[in-house]
Amino acid sequence: QVRPGERILVVTDEGPTKRIAQASYEEAVDMYGRDRVELLRIWKDRPVDISSPPLPEARQSFEYADVIIAPIWGSISHSPETVEARKRGARVVSMPGTRPSMFARSMSFDRNLINQMGLYLADEIRKLGEITIKSSKGTDVTLYLDRQRPQLIDAGDFSKPGYGGNIPFGELAIAPVETKGHGKVVFSLSELTIGDCTVYLGDGKIVAFDEKAKSLVDLLRRFKNGDAIAEFAIGINPWIKYQPDDPEFNPYDTVVNEKIYGTCHVAFGNSVSFGGVNYCITHRDVVILEPTYSIRGRKLNWKMSLDRMLA
């Protein structure tokens with residue numbers, strides 16, 4: 001999907017994904033020539049508590065590139081240089097911690113089906129000003145939506161100017177109103193916690209939490225507005241399932257787990273990359289299992305409609 005004359009930037013670090021980065025770079029050089037491809041090494045001493053930090057060492061390369069491929073240990077999705085590059089029209093493939101096996105599997109996912117699911121949900125969400133999320137584990141939270149904000153369909157189509165997404169792909173995301181939102185969130189998967197954890201929202205921020213969520217909340221609160229609601233998203237990849245007994249399953253691998261079909265996730269911190277207004281140098285996602293959705297008591301049967309697409 002690289003157009004004639006476009007410039008490609010492959011970003012790498014010293015993490016376990018550097019094999020994918022090196023292979024991507026070599027393949028791009030073979031296909032498009034060395035004069036159109038750059039390999040950039042970053043984050044030699046990256047702080048482990050910052051998920052999408054500023055990238056001053058990459059600014060010049062990001063301004064030059066039309067396609068940015070980033071198989072690295074951390075995420076560049078919400079870094080300010082990435083946001084600016086996408087505004088300019090660059091397409092960004094962010095692969096934080098993506099394992100070679102998952103990278104290979106992703107090539108077989110049905111992009112068209114996932115995109116259809118995303119379009120259906122985007123159309124449904126566009127009608128709403130609020131949404132209540134509940135789960136059997138105790139989630140009962142209401143988030144408020146701005147109909148003017150864009151919805152990101154991450155379906156693996158990196159051909160559109162300004163598109164940013166992950167490999168693996170498979171979610172529909174929007175930035176809720178940052179100063180609203182209240183209730184209880186019980187999440188089961190995140191980068192920093194084990195088991196079911198609970199946080200309570202008030203006016204869009206975390207106002208209370210249980211002991212299991214403390215490590216996450218302590219990290220978020222190290223940054224201004226780090227504990228503000230930043231994202232509401234729904235996992236729509238039928239090829240990624242919640243299988244805790246599978247040897248390949250990793251409860252800390254958020255970039256995979258947030259795509260699990262039938263889940264949703266919320267995030268805290270930076271919302272600018274989703275069309276929100278809260279800039280923060282961290283963005284942390286937490287996954288809610290088996291959610292249901294409603295608006296003012298009226299159930300929204302989205303899962304049933306998505307299941308029909310799979311039939």
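Basis for what follows: all heavy atoms, side chains included, without hydrogens, waters or symmetry-related copies. In this chain, residues are counted from 1 in sequence order.
- K184 NZ to T142 OG1: the interatomic distance, rounded to the nearest 0.5 Å, is 14.0 Å.
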(message) I'd like to know whether K160 forms a side-chain contact (heavy atoms from CB on, under 4.5 Å) with R91, so could you lay out the CA-CA distance, the side-chain angles of the two residues, the decisive distance to 0.1 Å, and finally the verdict.
(response) CA-CA 7 Å; K160 302 172 185 175; R91 288 116 65 204; 5.8 Å; no
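- Side-chain contact between M95 and V255 is absent, with no heavy atoms from C-beta onward closer than 4.5 Å.
- Inter-residue side-chain proximity for L128 and L300 is flagged as met; some heavy-atom pair is nearer than 4.5 Å.
- Counting only heavy atoms from C-beta outward, the side chains of L216 and C197 never approach each other to under 4.5 Å.
- In this structure, Y144 belongs to a hydrophobic cluster whose other members, linked by side-chain heavy atoms under 4.5 Å apart, are V177.
- Judged by distance alone, the side chain of S190 and the main-chain N or O of L192 form a donor-acceptor pair under 3.5 Å.
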(request) Determine, stepwise, if the pair I206 / Y200 fulfils side-chain contact (heavy atoms from CB on, under 4.5 Å). (result) CA-CA 6 Å; I206 296 173; Y200 297 86; over 6 Å; no
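- The same ILVMFWY cluster, assembled from side-chain heavy atoms under 4.5 Å apart, contains both F103 and M31.
- Formation of a donor-acceptor pair under 3.5 Å by the N257 side chain with backbone atoms of D253 is found in this model.
- With hydrogens and angles ignored, the 3.5 Å screen pairs no side-chain donor or acceptor of D285 with any backbone N or O of A267.
- Listed by chain and residue number, F249 satisfy the ring pair (Phe, Tyr, Trp, His ring centres under 6.0 Å) test with Y242 (two or more places apart in sequence, or in another chain).
- Exactly one of S188, S136, S135, C264 qualifies for a side-chain contact (heavy atoms from CB on, under 4.5 Å) with E290. That residue is S136.
- Taking 4.0 Å as the cut-off between side-chain N and carboxylate O, R105 and E248 do not count as a salt-bridged pair.
- The ring pair (Phe, Tyr, Trp, His ring centres under 6.0 Å) test applied to Y163 returns F158, not counting sequence neighbours.
- Taking 4.0 Å as the cut-off between side-chain N and carboxylate O, E130 and R296 count as a salt-bridged pair.
- Between L55 and E57 the shortest side-chain heavy-atom distance falls below 4.5 Å.
- What you find for I174 and D146 is that their closest heavy atoms are CD1-O, 4.4 Å.
- At distances below 3.5 Å, at least one donor-acceptor pair connects side-chain atoms of D210 with backbone N or O atoms of T198.
- Each of V141 and V186 belongs to its own hydrophobic cluster when Ile, Leu, Val, Met, Phe, Trp and Tyr are linked at side-chain heavy-atom distances under 4.5 angstrom.
- Distance check: F232 CZ to E171 CD gives 11.0 Å after rounding to the nearest 0.5 Å.
- Contact annotation: the side chain of I131 never approaches that of I125 to less than 4.5 Å [non-hydrogen atoms, C-beta and beyond].
- Between G129 and R147, the shortest heavy-atom contact is N-NH2, 3.5 Å.
- The pair D227-R221 counts as a salt bridge, with a side-chain nitrogen and a carboxylate oxygen less than 4.0 angstrom apart.
- V207 and I133 fall into different hydrophobic clusters, where Ile, Leu, Val, Met, Phe, Trp and Tyr residues are linked whenever their side-chain heavy atoms come under 4.5 Å apart, directly or through other members.
- T17 and T98 make their closest contact through CG2-O, 3.3 Å (heavy atoms, listed as atom of the first residue, atom of the second, distance).
- A centroid separation of less than 6.0 Å is found between the aromatic rings of F274 and H78.
- Taking CD1 of I229 as the start and CG of D203 as the end, the distance is 12.5 Å to the nearest 0.5 Å.
- Between K87 and E84, at least one side-chain nitrogen of the basic residue sits less than 4.0 Å from a carboxylate oxygen of the acidic one, meeting the salt-bridge criterion.
- By the 4.5 Å heavy-atom criterion applied to side chains, L113 and L310 are counted as neighbours.
- Put simply, the side chain of R284 never gets that close to the backbone of V217: no donor and acceptor are under 3.5 Å apart.
- Looking only at side-chain heavy atoms (C-beta outward), V266 and V286 come within less than 4.5 Å of each other.
- In this structure, M102 CE and K259 NZ are separated by 9.5 Å, a value rounded to the nearest 0.5 Å.
- Here the side chains of S77 and H283 are not in contact, with every heavy-atom distance at 4.5 Å or above.
- Grouped with I194 in one hydrophobic cluster are Y252, the linkage being side-chain heavy-atom contacts under 4.5 Å among Ile, Leu, Val, Met, Phe, Trp and Tyr residues.
- Contact between D154 and G165 at its shortest, heavy atoms only, is OD1-CA, 3.6 Å.
- Residues S271 and E178 come closest through the heavy atom pair OG-OE2, 2.7 Å.
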I'd like a table of donor-acceptor pairs (distance under 3.5 Å, sequence neighbours excluded) in which one partner is a side-chain atom from residues 63-70, with atom names and distances.
| residue | atom | partner | partner atom | Å |
| --- | --- | --- | --- | --- |
| D66 | OD2 | R7 | N | 2.7 |
| D66 | OD2 | R7 | NE | 3.2 |

(request) Please lay out, stage by stage, how Y120 and L172 fare under the test side-chain contact (heavy atoms from CB on, under 4.5 Å). (result) CA-CA 10 Å; Y120 164 75; L172 180 282; over 6 Å; no
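- Looking at residues two or more places apart in sequence or on another chain, you find a side-chain contact (heavy atoms from CB on, under 4.5 Å) between V272 and V83, N270, Y279.
- With respect to the salt-bridge test (charged N to carboxylate O, under 4.0 angstrom), the residues R222 and D218 do not qualify.
- The two residues G164 and L152 make their nearest non-hydrogen contact at O-CD1, 3.6 Å.
- Atoms CG and CZ, from N237 and R111 in turn, are 10.5 Å apart once rounded to the nearest 0.5 Å.
- Under a hydrophobic-cluster definition in which Ile, Leu, Val, Met, Phe, Trp and Tyr are linked whenever side-chain heavy atoms come within less than 4.5 Å, directly or via other members, L145 and V277 are assigned to different clusters.
- Remark: side-chain polar atoms of T12 are not paired, donor with acceptor, to backbone N or O of R41 under 3.5 angstrom.
- For the pair D246 and K241, the salt-bridge criterion is not met [side-chain N within less than 4.0 Å of a carboxylate O].
- Follow the hydrophobic side-chain contacts under 4.5 Å out from M304 and you never reach M117; the two are in separate clusters.
- To the nearest 0.5 Å, atom OG of residue S24 and atom CD1 of residue I8 are 10.5 Å apart.
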